[in-house]
There are 2 protein chains.
Amino acid sequence: MTVSRVLRNRGDVSDATREKVLEAAKALGYVPNKIAGALASQRVNLVAVIIPSLSNLVFPEVLTGISKELEDTGLQPVVGVTNYSLEKEETVLYEMLSWRPSGVIIAGLEHTDAARAMLENAGIPIVEIMDVDGKGIDSVVGISHRRAGLKMAEAIIAAGYRRIGFLGTKMPEDHRARKRLEGFKEGLEAAGLSLADQEFYAGGSALLKGREMTEAILRRSPDLDFLYYSNDMIGAGGLLWCLENGIDVPNQIGLAGFNGVDLLEGLPRRLATMDACRREIGQRAAAIIAGRSPSGLIGGEIIELQPLLQPGDTIRKP
Amino acid sequence: MTVSRVLRNRGDVSDATREKVLEAAKALGYVPNKIAGALASQRVNLVAVIIPSLSNLVFPEVLTGISKELEDTGLQPVVGVTNYSLEKEETVLYEMLSWRPSGVIIAGLEHTDAARAMLENAGIPIVEIMDVDGKGIDSVVGISHRRAGLKMAEAIIAAGYRRIGFLGTKMPEDHRARKRLEGFKEGLEAAGLSLADQEFYAGGSALLKGREMTEAILRRSPDLDFLYYSNDMIGAGGLLWCLENGIDVPNQIGLAGFNGVDLLEGLPRRLATMDACRREIGQRAAAIIAGRSPSGLIGGEIIELQPLLQPGDTIRKP
DNA sequence: CGCCGGGCGGTTATCGCTAACAACCCCAGA
DNA sequence: TCTGGGGTTGTTAGCGATAACCGCCCGGCG
């Protein structure tokens, strides 16, 4: 017991005894067994974080926000990756819940029924992140992708573009990309327009795919005057391709991506994009789990962040 | 006990009983408590993976290799991030070891004394990855960064370049980058050359920094005929800058990076680089932990992979 | 001098599960 | 009929920590 008290800094122990304990612990290379500790105390300082991918660039940024916010709370994030599969998500969630974390941060609002049931019954704070277009289980922190797509459409139309093409991923499971496209189309329709052409890809180097798709879509529909990419990386590929092929950006063709990744800063021209508030999403979600949300609410908090349009140099000034 | 047997698929249970148990478990939304399970069985199906960063692009790829190899072993990776700080590494390691994982995969051979002691006494398989230039604790899987730098120097010299500059990160704790640079200089010296100039950066968008540094170093030393970048991302920035400024690559100036990231495939010209075998490193390390290393060795395995020079289009053909 | 209470350290029961073994049923073979 | 063994299910004793409580010692105070 005394050892336990010393190592946890809890309860009164005389300095002499504390000293001796620490010394012995060091000499023996003692590492306490958190498994036993957690079982006895019914407390686990872990936060389950479930995201679709690590190679997407977006999610490491969200993680950074989470880690930073949790830093001085004694809580620790544990990451699970689903590869955009809801079945995998269910498995990963089950696995993580079986370690009885203090909270769950999970990307997206779409889950299998079983996963939803687990989340509802877990009895711990749940924060669904990235997306607010739908019904959440407990708390939600994100942006409206539908509205993001819509706003982009409005900006593009306002700048005078009319023959607009879309380039994206072939991922039925990427609901946020889908919602963005839906919002985008809605925006076009509101102006009496519709998508002039589209092109999808799956797998491979996104930058390269961006080039290839751009070439393909422009070969097929040479009269396009705007290309909306579902993410910045393929947008960057498209931008490079256009510049190399002597296309006048943004006058002949305008371009826009989505996410606002750092990477873009180094491109020859700044791609128009929309910041997805990744870092802040992570931070706010972690704050909710840590019970430090400024609202003081316990559960059920909905935070909609506003993505900012960054017009860059690839949209004509209206 | 019977429930335990059903849910773990261990031991004989009649089909009728199994059915009933599964049904009840589903109805109750029962999620077994792994904490108690681990405590009782003294087995934890987790592998601690400790890496410096997630935003480096390299490490997510290593993780992919690890996940893939562990997929059907029942083991699960748990990631800890150190931000290139050995102190943080020690803390993270302590934290992870206190969950008694089945193995540890940790980047680098450099650790604090305390961390090294913990690893030595953990009584589980330890695999140090990325780097083989030094003494390992148990198993080691990686490449020789020193030799990688040296080989690159030889290739550059063989192609006829003589006034060579280096551009890298200002990171004393990034031992692998340091070793690469040391090997590189050694290679130059062997040919009676030395670095003509160098430039370092810290933080920010790597692509942008690559541009800025390239401009800075060429302004200061306009007679350089080769730029060696410590990673592909800054190399890509440099490449874009050179092309925009009408520099003839590779004739006027040659360029090379390091890592062989996918991203490069979409650039206007393929940057010379050296593949760091990231995926395979993850895979082989995980195989060792899973006890499936083809060698059949138990511990103490040293695997040196050979990075492949990819000359791309930014080194003159000799 | 006796009692009280704070400071300190120990005892006991428990957390939810599994290893090990015991118990039971049933049927085949002696 | 009795025995043995396979198939199935139950019992007991931990795993290594912590919560809650207990007890000792000592100094201060009435």
Side-chain angles (χ1 to χ4, degrees), chain A residues 1-46 48 73-76 78 91 93-104 118 121-124, chain B residues 1-46 48 73-76 78 91 93-104 118 121-124:
Chain A
M1 255 336 279
T2 300
V3 171
S4 170
R5 279 193 271 254
V6 171
L7 266 41
R8 287 182 303 149
N9 259 326
R10 205 174 299 270
D12 300 320
V13 181
S14 71
D15 285 349
T17 318
R18 156 172 282 108
E19 232 18 73
K20 275 199 287 185
V21 169
L22 289 176
E23 195 177 320
K26 177 163 264 179
L28 296 170
Y30 173 74
V31 178
N33 187 327
K34 287 226 177 189
I35 299 177
L39 184 60
S41 67
Q42 306 285 327
R43 263 183 278 106
V44 180
N45 67 339
L46 300 177
T73 60
L75 290 170
Q76 253 208 306
V78 179
T91 315
L93 178 63
Y94 184 78
E95 189 74 17
M96 302 209 115
L97 284 182
S98 71
W99 287 100
R100 301 289 187 270
S102 300
V104 176
M118 283 190 258
N121 299 324
I124 51 176
Chain B
M1 252 337 277
T2 300
V3 171
S4 169
R5 279 193 271 255
V6 170
L7 294 167
R8 287 182 301 149
N9 258 326
R10 207 173 295 272
D12 299 320
V13 180
S14 72
D15 284 349
T17 318
R18 155 173 283 108
E19 229 23 69
K20 275 199 286 186
V21 169
L22 288 177
E23 196 178 319
K26 177 164 263 179
L28 295 171
Y30 173 74
V31 178
N33 187 326
K34 286 225 178 190
I35 299 177
L39 185 61
S41 66
Q42 307 285 327
R43 263 183 276 106
V44 180
N45 66 339
L46 301 176
T73 61
L75 291 170
Q76 252 208 306
V78 179
T91 315
L93 179 62
Y94 184 79
E95 189 75 16
M96 303 210 113
L97 284 183
S98 71
W99 288 99
R100 302 288 188 271
S102 300
V104 176
M118 282 190 260
N121 300 324
I124 51 176

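Chain naming here is simple, since letters A, B, ... match the order of the sequence lines and numbering starts at 1 in each.
- In the set C:dC8, D:dA17, C:dA19, the nucleotide with an atom closest to the side chain of A:S14 is C:dC8.
- Atoms CZ (A:R100) and C1' (C:dC17) sit 11 Å apart, rounded to a whole Å.
- Out of C:dT11, D:dC15, D:dT11, the shortest distance to the side chain of B:M1 is found at D:dT11.
- At least one side-chain nitrogen or oxygen of B:T17 sits closer than 4.0 Å to the OP1 or OP2 atom of D:dT9.
- Residue contacts shown for B:D12 include a base, since a base heavy atom lies under 4.0 Å away.
- For B:Y30, a side-chain nitrogen or oxygen approaches OP1 or OP2 of C:dC17 to under 4.0 Å.
- Toward the 5′ end of DNA chain D lies the nearest nucleotide of B:D15, the other residue of the pair B:A36 and B:D15 mapping further downstream.
- Although no hydrogens or angles enter the test, the distance criterion places a donor-acceptor pair under 3.5 Å between the side chain of A:S102 and the main chain of A:V44.
- In terms of position on DNA chain C, the residue among B:R10 and B:I35 whose nearest nucleotide sits closer to the 5' end is B:I35.
- The separation between B:L7 atom CG and C:dC17 atom P is 9 Å, rounded to whole Å.
- In this structure, B:W99 atom CH2 and D:dA17 atom P are separated by 12 Å, rounded to whole Å.
- Using a 4.5 Å cut-off on side-chain heavy atoms (C-beta onward), A:N45 and A:K34 make contact.
- The minimum heavy-atom distance linking A:R100 with B:V31 is given by the pair NH2-O, 2.6 Å.
- As a whole-Å value, the separation of A:R18 CZ from C:dG9 C1' is 13 Å.
- An OP1 or OP2 oxygen of C:dC17 is reached within less than 4.0 angstrom by no side-chain nitrogen or oxygen of B:S41.
- Here A:R5 lies in heavy-atom contact (under 4.0 Å) with a base.
- Between the P atom of D:dA17 and the CD atom of B:Q42 lies a distance of 10 Å, rounded to the nearest Å.
- Distances shorter than 4.0 Å separate some side-chain N or O of A:R8 from OP1 or OP2 on D:dA19.
- Spacing between atom CG of A:L39 and atom P of C:dC15 amounts to 9 Å, rounded to whole angstrom units.
- Closest of all the heavy-atom pairs between A:L39 and B:A36 is CD1-CB, 3.8 Å.
- Within 4.0 Å (heavy atoms only), B:R43 reaches sugar-phosphate atoms of the nucleic acid but no base atom.
- In this structure, the side chains of B:L7 and B:Y30 come closer than 4.5 Å at one or more pairs of heavy atoms.
- Residue A:T2 places at least one side-chain N or O closer than 4.0 Å to OP1 or OP2 of C:dG10.
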